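Here is the structure we will look at, set down as structure tokens.
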Amino acid sequence: MLMADMTWNEVEKHISEVNDNLIIPVGTCEQHGYHLPLGNDTFIVEYMANILSERTNALVAPAINYGVNLPCDVHLAGTTSIKPETLRGIIVSITDWWRQQGFKHFLLLTYHGDPFHIQAMEKISDDIKLYDISEIEYSDILDKQSSIRHACEAETSVALFLYPEKVKMELVREHDIKFDDFKKYLFHEESSLPEGYVGNLGYPSFATKDKGSEIINRMIDRMINECYDFLKPLR
Ligand SMILES: [Zn+2]
């Protein structure tokens, strides 16, 4: 249930009678190659937040639409980034007001593995938990990759399952960079664009809707396991 669709007194009643925990989707405004839209991470995290809300009756807060991105992505139009301390500051500010209204636990849901993005949201306080939905086992589902990369076989499969109308498979350009060679970009040490990089890593041409469905189901199972107790309804 989306908190933005409710009135304040409905939210107040929900906190005291149904569930006093809140899910906060944290997206990004980030390039995903020639074939996936900039809103990809936000679309997925909002979809997963709704499922978690259906299972627990915890409300879903309006998403934070910006995250921390790689400095090299500044060259890829539309992408933007906020500083880690800004992201952390936003979370501290908004939860401070919600806490005073009776919300007990805040679950930050994200689908973006930039280490500085993750670090910014870790260990803020005991009542705030960070959960990265992308952290599942992929090796038995994917054909060409053993783990998730970026706009890759895994991420593109999920997009094909959730919103095929926005995926441009005919424009996929494959250019893998080995994890070791990509590390300096991932850890923000290098801000030039890697040679030949159009924004995706791994093997998106191997993506299918069926793999996306398997990945989504596995992400849902793990998310429920890891987050249900934290978001437990009042009765
Ligand atoms: Zn992504």
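Residues take their numbers from the sequence shown, with the count starting at 1. Treat the numbers as computed from the prediction; the structure is a model and nothing was measured. Just follow the structure's listing: the first ligand is 1, and inside any ligand the first atom is 1.
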For R149, is there an ion pair with D176 - N to carboxylate O distance below 4.0 angstrom?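 A salt bridge links D176 with R149.
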Lys/Arg N to Asp/Glu carboxylate O, K104 vs D127, below 4.0 Å: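 Between D127 and K104 there is no salt bridge, as every charged N stays at least 4.0 Å from the carboxylate O atoms.
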Qualifying residue, where the test is side chain to side chain donor-acceptor pair (under 3.5 Å) with Q31 and the options are D73, T79, N200: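 With Q31 as partner, D73, T79, N200 yield a single side chain to side chain donor-acceptor pair (under 3.5 Å), made by D73.
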Of all the N, O or S atoms in D41, which has the shortest distance to the Zn ion (ligand 1)?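 Relative to the Zn ion (ligand 1), the closest nitrogen, oxygen or sulfur of D41 carries the name OD1.
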Report whether any nitrogen, oxygen or sulfur of H112 sits less than 2.8 Å from the Zn ion (ligand 1) (N, O or S, backbone or side chain).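 No, outside the cut-off.
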Need one value: angle at the Zn ion (ligand 1), H32 atom NE2 versus E155 atom OE2, rounded to 10 degrees.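 H32 NE2 and E155 OE2 form an angle of 100° at the Zn ion (ligand 1).
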Residue of the set F182, Y185, Y34 for which ring pair (Phe, Tyr, Trp, His ring centres under 6.0 Å) holds with Y197: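 By the ring pair (Phe, Tyr, Trp, His ring centres under 6.0 Å) criterion, Y197 pairs with just one of F182, Y185, Y34: F182.
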